[in-house]
Enquirer: 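Sharing a structure, written as structure tokens. Questions coming.
Chain letters run A, B, ... following the sequence lines, proteins first and then strands; every chain starts at 1.
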There are 2 protein chains.
Amino acid sequence: MSDISSYRCTVAVTLEVIGGKWKSLILWHLSFKTLRFSQLQRRLSTVTQKMLTQQLRELEANGLVHREVYAEVPPRVEYSLTELGRSVVPILEMMCQWGKDYLETSEGQAPQECRVG
Amino acid sequence: MSDISSYRCTVAVTLEVIGGKWKSLILWHLSFKTLRFSQLQRRLSTVTQKMLTQQLRELEANGLVHREVYAEVPPRVEYSLTELGRSVVPILEMMCQWGKDYLETSEGQAPQECRVG
DNA sequence: CATAATGGTTACTTTTTAGATACTACAGTA
DNA sequence: TACTGTAGTATCTAAAAAGTAACCATTATG
């Protein structure tokens, strides 16, 4: 049963780290380029400020995202992926591909590209 | 921006399908062998009957799990992975490996094996 | 002097999720 | 006759998550 218990731990850990409501989407956007808080907020359109802050704080606490504060007025805060953060991108790409296949086969939707460009 | 919107759809879809509280663990157990409801319940020790039923119904609705009811008394119901269900196992294994690496590097825990045996 | 912009925090409320408990059908067994 | 086992469902409650709105500091601009 060691396979079971270690599974439980490690997949649960991964889901805790990237499974949050906005986390994978944040990581995805940051995988393209460093972004400011307001830029992220615009890209996630329906996210509330509170949720974006919260999710970013958790990603930062887990070491996936780096937060750089510039001493300016008005303040500027930039978010970027750490090396650890970049290491989850292949998982996101795999999930993206699976989701795409799933939609195609089970719902007959038009094919979609993962990470175009 | 088509990369972004298609990302949102497909990774979100994948997370909806396998991101539930017990789903990935259920899939993991079923990847070894077909199990009855009560067998799954014992393996997931702390799951409530309601949650197990609910998660299984959703997995079934998404086509990952097959539910076979035998007309016996007392009733016997067996759950197994469909082909689609088996196709998510590599993602689970990847998440398992990432979680393992994450625990090792960020928390200095003892190494754990993914899917021993 | 009032307003805008940035990147938040805090308090309060609503919504969602999960837990606990009781109940069901049916046949076999004591 | 009462009890057991299976695989649930239904209902009510508690806890967690998320939304809403107001507030903060600072400086530049009008």
Enquirer: Rounded to the nearest angstrom, tell me the gap between atom CD in A:Gln55 and atom P in C:dG8.
Expert: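 Nearest whole value for this atom pair: 14 Å.
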Enquirer: Between C1' on D:dA18 and CD on A:Glu58, what's the gap in Å once rounded to a whole number?
Expert: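 Taking CD of A:Glu58 and C1' of D:dA18, I get 12 Å after rounding.
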Enquirer: For A:Leu56 and A:Val73, take the nucleotide of DNA chain C holding the closest heavy atom to each; which residue's nucleotide lies nearer the 5' end?
Expert: A:Val73
Enquirer: A:Pro74 has a side chain; which of C:dT6, C:dG7, D:dG8 sits nearest to it?
Expert: C:dT6
Enquirer: Looking only at non-hydrogen atoms, find the nearest pair between A:Thr34 and A:Ser80 and report the distance.
Expert: OG1-CB, 3.3 Å
Enquirer: Rounding to a whole Å, what distance do you find between A:Lys50:NZ and D:dA21:C1'?
Expert: 11 Å
Enquirer: Given atom NZ of A:Lys23 and atom C1' of D:dA18, what is their separation to the nearest angstrom?
Expert: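 The distance from NZ of A:Lys23 to C1' of D:dA18 comes to 14 Å, rounded to the nearest Å.
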Enquirer: Verify whether one side chain among B:Asn62 and B:Glu58 offers a donor that lies under 3.5 Å from an acceptor in the other.
Expert: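 There is no such pair between these side chains.
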Enquirer: Nearest whole angstrom, please: distance from the C1' of C:dA5 to the OH of A:Tyr70.
Expert: 19 Å
Enquirer: Parallel, tilted or perpendicular: which one describes the rings of B:Tyr102 and B:Trp98, with boundaries at 30° and 60°?
Expert: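 Judged by the thresholds at 30° and 60°, the geometry between B:Tyr102 and B:Trp98 is parallel.
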Enquirer: With the side chain of B:Arg57 defined as its heavy atoms from C-beta on, choose the nearest nucleotide among D:dT6, D:dG8, C:dT9.
Expert: D:dG8
Enquirer: If you only use heavy atoms from C-beta on, which nucleotide in C:dT9, C:dA18, D:dG8 is closest to the side chain of B:Arg67?
Expert: D:dG8
Enquirer: B:Met51 side chain: which of D:dA18, D:dA7, C:dG19 is closest?
Expert: C:dG19
Enquirer: Can you tell me if the side-chain N/O atoms of A:Thr48 get under 4.0 Å from OP1 or OP2 in D:dT20?
Expert: no
Enquirer: Which comes earlier along DNA chain C counting from the 5' end, the contact point of B:Trp22 or that of A:Arg42, where each point is its nearest nucleotide?
Expert: A:Arg42
